[in-house]
Amino acid sequence: MTHFNEHALEMAIMELFEQEGYIYTDGEQVHKEQSDVLLRDDLAMYLRGRYADDDITPLDIETITAKLSADSGGSLYDNNVYTYRLITEGFAIHREDLTKPDLYVQPIDFDNIDNNIFRIVNQLEIKGYERRIPDGIIYINGLPMVVLEFKSAVKEETTIMDAYTQLTVRYRRDIPELFKYNAFVVISDGVNNKYGSLFTPYEFFYSWQKIEADDKATDGVSSLLTMVHGLFRKERLLSVIKDFIFLPDSSTKEQKIVCRYPQFFATHKLFDNIYRHSKLNADGDGKGGTYFGATGCGKSFTMLFLTRMLMRSKEFANPTIILITDRVDLDAQLSEQFGKAKIFIGDDCVVAVESRSKLREHLSNRTSGGVFLTTIHKFTEDTQLLSERVNIICISDEAHRSQTNLSLQVKQTDKGVRRSYGFAKYLHDSLPNATYVGFTGTPIDSTIDVFGKVVDAYTMTESVADDITRRIVYEGRAAKVLLDNDKLQDIELYYSQCAEEGANEYQIEESSKLIKVVCNCCGKEMKVENGYLKEECFGAVHEFGYFSKRDGIRHRFDLCEACYEKWTGSFLVPVDEEEMLYRIKALLRRAKIATERRIV
């Protein structure tokens, strides 16, 4: 009887790669110095074929190889950043014949897949500080781009976590030269199959769940087939290496972000849809499409990957990108992220604009390029034209709120009829030939009317299934709420006046949340703002929460200062926070919980 072990899993995976057109080579058949991690014959063969018309010489090839294998003098992370950018961005060398111009070298041909040599090697012995034998290495043109480690799912004493530790601890420590060129690593036991950056914590390793964008997600043994045929299809792998691995311009941490499959598919779908609907085309309507992504699924990185593809594309001729949010905190978040991505984007002009006039200054003499971040509210400062260019792409975050109000709003006031438009109307009038793309976790009809159809969707259900978003459990409670209709009318009138005077939907929504909190012990009402009592200044509302393992529900309760002091002050001896919480929970079960709340 044949036992399924690590070797059997390894050979099954080698066969899957052969089905994708990779050359399989047993590590014992590779002839090289054990300390050398490159397959120099493959690299030389690729360079001779790619640059034959440039009369490349053996000395030129040695110069290129030396450039790629040089040590930058920093840490492994610094070496990886430096070498990876050489591979993806290319570099120039001086020729052996000094009368010839410098030769610009691309170690991987991203435009012509068949020009590259794809090889998978198993059990290749490498000598560094110690001898190590990785289970699998994917070479492209002799460069070790992906390292794979396998463990058997049938062995109780080993798990996929052991594969992660093997790569990120032992191999990283003992054969760091191998990872200087690395794009990402793969860990597998045949059932669980995940990938991620060498510098990424284990909880951020994910499966590649689809072969094609419109397939249903898979798991278990099927996910192995999905990963090989989905992620490692030759053109797919080159696309990930080229445009979907983010290394910040500078980082105090070892930050390296590898895309997840929903980000990859969404970016490609949006790119194609933007091009079809761009006014660069005679029949373009400027509706680049809507992306429906669940909260927490990484929409900001999807925007970043999309921006890179757009900025580096030949089709758009170096466009200008304007990223628009409707909240200051979102604008600050994106500004920080994009501000560290100038090299990745390929443009030094990444600017958070302070006003509409500043944006006009940036756009007035610019025919291409530039990434500008702003908020939708700045487009009401004036209504002058900003630009009539067609290679401007506006990417809107939270595209279900104030970025969809294009229609005329008519209101009867004491001073007569008032006519006004929403922020989105002023934006579209300012950039009439731009293409508009919307990102939202809550697509509504007006979102689709403004930005176009939903091009791709990644739902909360899918996000939870992929362990990207935690499952949310709600505790049902029946609370009697007594409402004063006269006061409710006063509140509605107040917010209507706020809207007429220029308050936006977000500000009104946040204001309406500043209501009274009820003490869950005595029923006292406490008006709270930013966690502190607004009218009574003697202290904060004491908020507690605990997770019930029995019912899988997170419980939350609030105490006023008096009840907090009463309960905690009754302890005869000091107790730690966990013990205090246990006692308060016991008291809560016996306390009469106030269920009535009156709006005053």
Is the gap between the ring centers of F316 and F271 under 6.0 Å? yes
Counting only heavy atoms not in [X], do more than 12 fall under 6.0 Å of its [atom1]?
X	atom1	result
K269	NZ	yes
K358	NZ	no
Y275	OH	no
D114	CG	no
K453	NZ	no
E388	CD	no
E361	CD	yes

Please step through side-chain contact (heavy atoms from CB on, under 4.5 Å) for the pair L306 and Y291, ending with a clear verdict. CA-CA 12 Å; L306 177 61; Y291 173 60; over 6 Å; no
SB check [X] [Y] (cutoff 4.0 Å):
X	Y	answer
E20	R236	no
K342	D249	no
D55	K100	yes

Which pair of non-hydrogen atoms, one from G369 and one from M311, has the smallest distance, and what is that distance? CA-CE, 4.1 Å
Can you say whether the rings of [X] and [Y] are parallel (under 30°), tilted (30 to 60°) or perpendicular (over 60°)?
X	Y	answer
F265	Y261	perpendicular
F118	Y22	perpendicular
F244	F305	tilted

Kindly indicate, with the supporting measurements, whether the criterion side-chain contact (heavy atoms from CB on, under 4.5 Å) is fulfilled by I87 and I108. CA-CA 7 Å; I87 293 171; I108 296 176; 3.6 Å; yes
Run through L143, I140, D109 and flag the one making a side chain to side chain contact (heavy atoms under 4.5 Å, CB included) with Y46. D109
So do K180 and N80 actually touch side chain to side chain, heavy atoms under 4.5 Å? no
Are P101 and R95 side-chain neighbours, meaning at least one heavy-atom pair lies under 4.5 Å? no
Under a plain distance cut-off of 3.5 Å, with no hydrogens placed, do [Y] and [X] share a side-chain donor-acceptor pair?
X	Y	answer
T320	R389	yes
D78	S72	no
K234	N116	no
D60	Y51	no

Okay, side chain of D397, backbone of T325: is any donor-acceptor separation there less than 3.5 Å? no
Begin with the C-alpha distance, continue with both residues' side-chain angles, and end with the deciding distance and a verdict on side-chain contact (heavy atoms from CB on, under 4.5 Å) for H428 and V450. CA-CA 10 Å; H428 284 245; V450 173; 3.7 Å; yes
Begin with the C-alpha distance, continue with both residues' side-chain angles, and end with the deciding distance and a verdict on side-chain contact (heavy atoms from CB on, under 4.5 Å) for F264 and L231. CA-CA 10 Å; F264 178 87; L231 174 57; over 6 Å; no
